[in-house]
Amino acid sequence: MVEDSTSTIADRSQCEADTQAVTEKGKNIEPVKVEDLAIVGMVYVPASFPGGDDKLNEWLHSHLQYPEEALPDSIEGVVKVSFTVNENGSVSNASIVKGLHPALDKEAIRVVESLPAFKPCTFDDIPNIEPGKEVTVTFKMPENAVIRDSVPPNKNAVFGAMEQMPIFPGGDAKLMEWVKSHMQYPEEALQDSIEGRVVVQFVVKADGSIDNIDVVRSKHPALDAEAIRVTKTLPNFKPIHGKTVEYRYLLPIIFKLPRQEE
């Protein structure tokens with residue numbers, strides 16, 4: 001979500017007009033106070049993204065990549081970023097105003113700095129620099145993210161390269177389909193209209209079987225119990241032949257209430 005102000009200079013006290021000269025045709029004019037510009041009737045138009053704020057938020061959403069480092073912690077939320085729109089519309093000086101997690105903050109900076117050019121702010125149609133623009137970047141965990149933890153579940157576990165990991169028959173997409181098709185929505189949760197995500201941790205043993213199932217992100221006792229039940233019924237993963245290796249997986253299980261058609 002983009003935070004902006006109105007189109008009159010009197011309402012834009014943070015603009016650099018009170019500390020920096022306005023440039024006209026390559027010549028510097030003496031620095032002017034915001035109040036002076038308002039008195040002489042100088043019109044200020046703020047910088048804007050092509051297509052408006054909705055298009056800006058769509059662009060951020062489509063180019064945002066959830067960092068793998070944050071997946072095991074199941075972190076969601078917003079990061080607020082401040083940035084400058086230069087005279088040519090380019091973005092610079094992105095910085096965190098409200099952070100959430102080092103990896104998410106870093107990704108928020110990256111995506112803001114990669115924004116296409118804005119239409120720069122103007123004073124009486126003269127392009128100028130505009131600092132202090134702010135945007136809110138929203139992070140949500142990918143619903144189908146199956147997370148393979150690099151931390152051994154026990155001292156005897158040995159971990160290899162990612163491409164050597166055991167896989168569910170058909171891959172992660174089939175794993176999520178299997179969970180969805182075998183899940184039974186708990187009656188208690190239905191009656192109380194409870195839905196959400198439960199994250200289950202389990203170990204895939206060297207032979208492909210499942211062990212050490214536990215809930216690492218709880219939502220409701222009934223949903224937690226069903227998440228464990230459905231995980232226990234998973235068929236064996238495809239093991240790594242010839243290797244005594246165990247892997248710990250984090251599996252998000254999404255509970256969504258049935259929607260009645262209107």
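A quick note: this is a predicted structure, and the numbers were derived from the prediction, not measured.
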Check: Between Tyr249 and Phe237, does the ring centroid distance fall short of 6.0 Å?
Finding: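 Here the rings of Phe237 and Tyr249 have centres that are less than 6.0 Å from each other.
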Atom [atom1] in [X], atom [atom2] in [Y]: separation rounded to 0.5 Å?
X	Y	atom1	atom2	value
Phe83	Ser90	CZ	OG	11.5 Å
Phe49	Lys55	CZ	NZ	9.5 Å
Ile210	Asn236	CD1	CG	7.0 Å
Leu223	Met183	CG	CE	9.0 Å
Glu195	His220	CD	NE2	13.0 Å
Glu107	Leu100	CD	CG	13.0 Å

Minimum heavy-atom separation for [X] and [Y], please, with both atom names.
X	Y	result
Asn128	Pro120	O-CB, 4.3 Å
Pro67	Ala103	CG-O, 3.5 Å
Ala94	Val81	CB-CG1, 4.1 Å
Phe118	Val85	CB-CG1, 3.7 Å
Ile213	Lys232	CD1-CG, 3.3 Å
Ala222	Pro186	O-CG, 3.4 Å

Check: Between Arg197 and Glu76, is a salt bridge (Lys or Arg N to Asp or Glu O under 4.0 Å) present by the stated rule, with each step listed?
Finding: CA-CA 12 Å; Arg197 176 190 286 114; Glu76 296 182 331; 2.9 Å; yes
Notebook entry, point to check: Is the Phe139 ring parallel, tilted or perpendicular to the Tyr66 ring (thresholds 30°, 60°)?
Noted result: perpendicular
Check: Under a 4.5 Å cut-off applied to non-hydrogen side-chain atoms, are Val43 and Phe123 in contact?
Finding: no
Margin query: Is any side-chain heavy atom of Arg229 closer than 4.5 Å to one of Gln184?
Written below: yes
Item checked: CA sep, side-chain torsions, deciding dist, call: Ser92, Asn86, side chain to side chain donor-acceptor pair (under 3.5 Å) -> CA-CA 7 Å; Ser92 64; Asn86 299 308; 3.2 Å; yes
Taking the side chain from [X] and the backbone from [Y], do they hold a donor-acceptor pair closer than 3.5 Å?
X	Y	result
His61	Asn57	no
Asp214	Gln201	no
Asp192	Ile194	no
Glu226	Tyr185	no
Lys133	Ala47	yes
Asp105	Ile96	no

Margin query: What I want to find out is whether Glu134 reaches Lys98 closely enough, with some N-O distance under 4.0 Å, to be called a salt bridge.
Written below: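 No, Glu134 and Lys98 are not salt-bridged.
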Margin query: With a sphere of 6.0 Å drawn around CG of Asp125, does it hold more than 12 non-hydrogen atoms of other residues, nucleotides or ligands?
Written below: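 Incorrect, the count does not exceed 12.
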Next item on the list: Please step through side-chain contact (heavy atoms from CB on, under 4.5 Å) for the pair Asp211 and Val204, ending with a clear verdict.
Entry: CA-CA 6 Å; Asp211 197 9; Val204 176; over 6 Å; no
Checklist line | Sole residue of Val198, Val199, Ile253 in side-chain contact (heavy atoms from CB on, under 4.5 Å) with Arg217 | finding: Val199
Notebook entry, point to check: side-chain contact (heavy atoms from CB on, under 4.5 Å) between Arg110 and Gln65: does it pass, once the steps are laid out?
Noted result: CA-CA 10 Å; Arg110 183 200 69 78; Gln65 301 174 8; 4.2 Å; yes
Margin query: I'd like to know if the side chain of Ser218 pairs up with that of Asp224 as donor and acceptor (distance under 3.5 Å, no hydrogens or angles considered).
Written below: yes
Notebook entry, point to check: For residues 175-191, which residue pairs qualify under salt bridge (charged side-chain N to carboxylate O under 4.0 Å, His left out), counting only residues two or more places apart or in two chains?
Noted result: Lys174-Glu177
